[in-house]
Structures are given as C-alpha cells and as structure tokens.
There are 2 protein chains.
Amino acid sequence: MSESLLKRCQSVGIRLTEQRRVVIRVLENSADHPNVVEVHVRALQIDPQISIATVYRTVKLLEELGLLEKYDFGDGLSRYEDAEREHHDHLIDIKSGQVFEFCNEQLETLQVGIAKRLGFELRGHRLELYGVPLKKKQNE
Amino acid sequence: MSESLLKRCQSVGIRLTEQRRVVIRVLENSADHPNVVEVHVRALQIDPQISIATVYRTVKLLEELGLLEKYDFGDGLSRYEDAEREHHDHLIDIKSGQVFEFCNEQLETLQVGIAKRLGFELRGHRLELYGVPLKKKQNE
DNA sequence: ATAAATGCAAACGCTTTGCAAGTTT
DNA sequence: AAACTTGCAAAGCGTTTGCATTTAT
C-alpha cells in the first residue's frame, strides 16, 4: 500500500487549508468514482460551509499535480479517484451504471506493443468496457 | 465496404432535408474525427446558411440511430465519425493532438474474455492510447 | 506580513431547446 | 395539409474565474 493522499499532498507542498483537508479526506474514503457534485455532497457532511467552487479548484489542482485521476464515463461529468490506487480499467454496466474495476496484465503489455509499433511511447491509456450482465441459463 | 451513410439514413427513414444531406455529406467525406464546430465549418462550405443548431441536432440524431459514433478525446469536445467504418481504436499523440487509428484482434478478443469473466456481455468499449513519438536513435 | 485560498456570483463554452417560419412527405 | 425541421436567440449545465475577504505559512 502506498502513501495516503494527504501525505502525498504534504510532500508536494501545497497549502493545507481546512477545505482541502476535507476534500482529501472525502477522496481517501471513496472507493468509487465520485463526480464533483458527489464529492461536494460528501464534503458538506464534514464541513457544511465548503463551497463547490473550492471543490472544483481542489480536485483540479490535485489532478494537475498527478495525485488524482480524472475520468469521464460518457455522461459528461468529471469523476475523480486517487491516482495511487492500483492501476485498473473500468467496466460499466450499461443497465445500472455501476462501475467495476479490473486489471489485466496481458492487456497492458499488448497496449505498449501496439503503441510502439505505431511509433509511440505509451504514456497513458483509457479503457472502458461497456456491457450488460450475462443472463443466467434459466431466465430469458 | 458497407453502405454509404446517406443510404443508411434513407433505410432508417429519417426525413432528408437539405441540411441533413449536407451534414451527411460532410461526414462521408471526413476521414478524421471532426468536432461539431469543424463539422459546421465544413458544412458551411456547401451550404453557407446552415446553422450550428441544425448540425448539433443532426449529429445527435444520427448518433442515437447508431449511424454515427461519438468520441471525446479528453478536450471536452464531441467528435463524430461514421459508425460503419471498420472498427478501430485510437492513439492520440499528446504532443500534437494528432489521432491515429489501429485495430488489434488480440485486444478485441481479450476484452470479450475479460467482460465475460466479470459476468458481462461486452456491448462496446472505448480504448484510447496516449503517447509521445518514439525518438529516433540519433537525436535527443 | 504576505502570498495564497475561499465563497459568492457572474461569466464561460459547449450543447440543448422554445418558438415562429419554412420544408418534406 | 400534417407532421416535422430549421434558424434564431435564449436557456441549460458543468466548470471556471474576478474580487473582496479570510487563512496558512
């Protein structure tokens, strides 16, 4: 397990305000991929005064510092998660919107190879699988 | 090669107005992934009166009909391309923004397998590789 | 003390939409 | 003729920002 988000924020030396600590804590305690409004709602439970502008500013700052990963699963909302979490991709259930995580070494290797063959050094990727739950044999 | 976008529009039976024909023609002649403003600019060269609202409405309609594929390469702009084009994924050059296409069977198969293992039937995916050009041996 | 962060509200940029006028079938 | 599409301008929506005030260092 790697350092906490808070520790990493301290390492990079950003000013640790009350509000930033709250946002950081919310993200540390989130195992999902909350959008900004969701982060704000969770933050309000800790600090009922915190404004959404501050949440926007904070997640943007942390993303630019490489401490958060930003996602968009197609609904036009920016979602965030701790960048230090084990690398993984996402599978989105198109029926429920639920998001599952997975990681596949073969996939990672394959991608590096594809990029190289195209003349590129892979710096990042975004893979999302969209699917529907497999129906069990008996029904439908 | 499959049917032209125009033909497929006729098949699904949407009303073919002047403006829709223009947008369709623009997309048929585009080998890249134009965003809405770009589609509009290209359309204006054919019909100097066409409004961007109509372009927005048309690409949205065609996407909902499954005739166009919508992409967002991270700049927050919606980009469109003919859905019938040979399936492929994208590699984006982070330096220049240029987009390259590729297709890899192994990758496709792997994804289906991953989804299945998670209990899902794969309905679609989105894969984007982000990279920088490999430097040739002599320079840098 | 000072440089930076906050909250508010206004502004932004892309996209959508209400409506009157014009088109397609 | 009826149903639908267009263009315009206004509204929507997520996100950003100017500014006066507050806060961390």
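Quick note: numbers below take in every heavy atom, side chains included, and nothing from hydrogens, waters or symmetry partners. Bear in mind that the values here come from a model prediction, so they are computed numbers and not experimental data. Quick note on labels: first sequence line is chain A, next is B, and so on, each numbered from 1.
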- Item | Plane angle bin for B/His90 and B/His88 - parallel if under 30°, tilted between 30 and 60°, otherwise perpendicular | perpendicular
- Below 4.0 Å: OP1/OP2 of D/dT15 and any side-chain N or O of A/Tyr56: yes
- Hey, is the main chain of B/Asn35 close enough, under 3.5 Å, to the side chain of B/Glu38 for a donor-acceptor pair? yes
- Mind calculating the distance between CG (B/Asp72) and P (D/dT15) to the nearest angstrom? 12 Å
- Upstream residue (5' side of DNA chain D) when A/Arg57 and A/Val36 are each assigned their closest nucleotide: A/Val36
- Among the candidates D/dG7, C/dT15, C/dT17, find the nucleotide nearest to the side-chain atoms of B/Ser78. C/dT15
- Would you mind reading off the distance between B/Ile50 atom CD1 and D/dC8 atom P, rounded to a whole angstrom? 11 Å
- Please give, in whole Å, the distance from C/dT16 C1' to A/Asp75 CG? 17 Å
- Query: Under 4.0 angstrom, heavy atoms only, what part of the nucleic acid is B/Leu16 near: base, sugar-phosphate, or nothing?
  - Reply: sugar-phosphate
- Task: Consider the side chain of A/Arg15, meaning its heavy atoms from C-beta on, and name the nucleotide among C/dT17, D/dG7, C/dA4 that approaches it most closely.
- Result: C/dA4
- Could you say whether B/Ala53 or B/Gly76 is positioned toward the 5' end of DNA chain C, judged by the nucleotide with the nearest heavy atom to each? B/Gly76
- Message: Strictly below 4.0 Å: does A/Thr54 bring a side-chain N or O up to OP1 or OP2 of C/dG7?
- Response: yes
- Proximity to the side chain of B/Thr17 - top-ranked nucleotide from C/dT6, D/dT6, D/dA9: D/dT6
- Output yes when a side-chain donor or acceptor of B/Ser96 lies under 3.5 Å from a complementary backbone atom of B/Gln98, and no otherwise. yes
- From the candidates C/dT16, C/dC8, D/dC8, the one with an atom nearest any side-chain atom of A/Ser51 is C/dC8
- Message: Is it the case that the side chain of A/Arg79 and the backbone of A/His33 share a donor-acceptor pair, with hydrogens and angles ignored and the cut-off at 3.5 Å?
- Response: yes
- Using atom types as modelled and distance alone, determine if a side-chain donor or acceptor of A/His40 lies under 3.5 Å from a backbone N or O of A/Ile50. yes
- Item | Separation of D/dT15 C1' from B/Leu77 CG (nearest whole Å) | 14 Å
- Please report, rounded to the nearest Å, how far the C1' atom of C/dT15 is from the CG atom of B/Leu61. 16 Å
- Can you tell me the distance, in whole Å, between the CD1 atom of B/Ile52 and the P atom of D/dA11? 19 Å
- Taking only the side-chain nitrogens and oxygens of A/Gln19, find out if one of them lies under 4.0 Å from OP1 or OP2 of D/dT22. no
- Message: What is the separation between atom CD on B/Glu63 and atom P on C/dT15, rounded to the nearest whole Å?
- Response: 12 Å
- Query: In terms of side-chain heavy atoms of A/Arg20, which of C/dA5, D/dT15, C/dT24 is nearest?
  - Reply: C/dA5
- Item | Distance, rounded to the nearest Å, where B/His40 contributes NE2 and C/dT16 contributes P | 15 Å
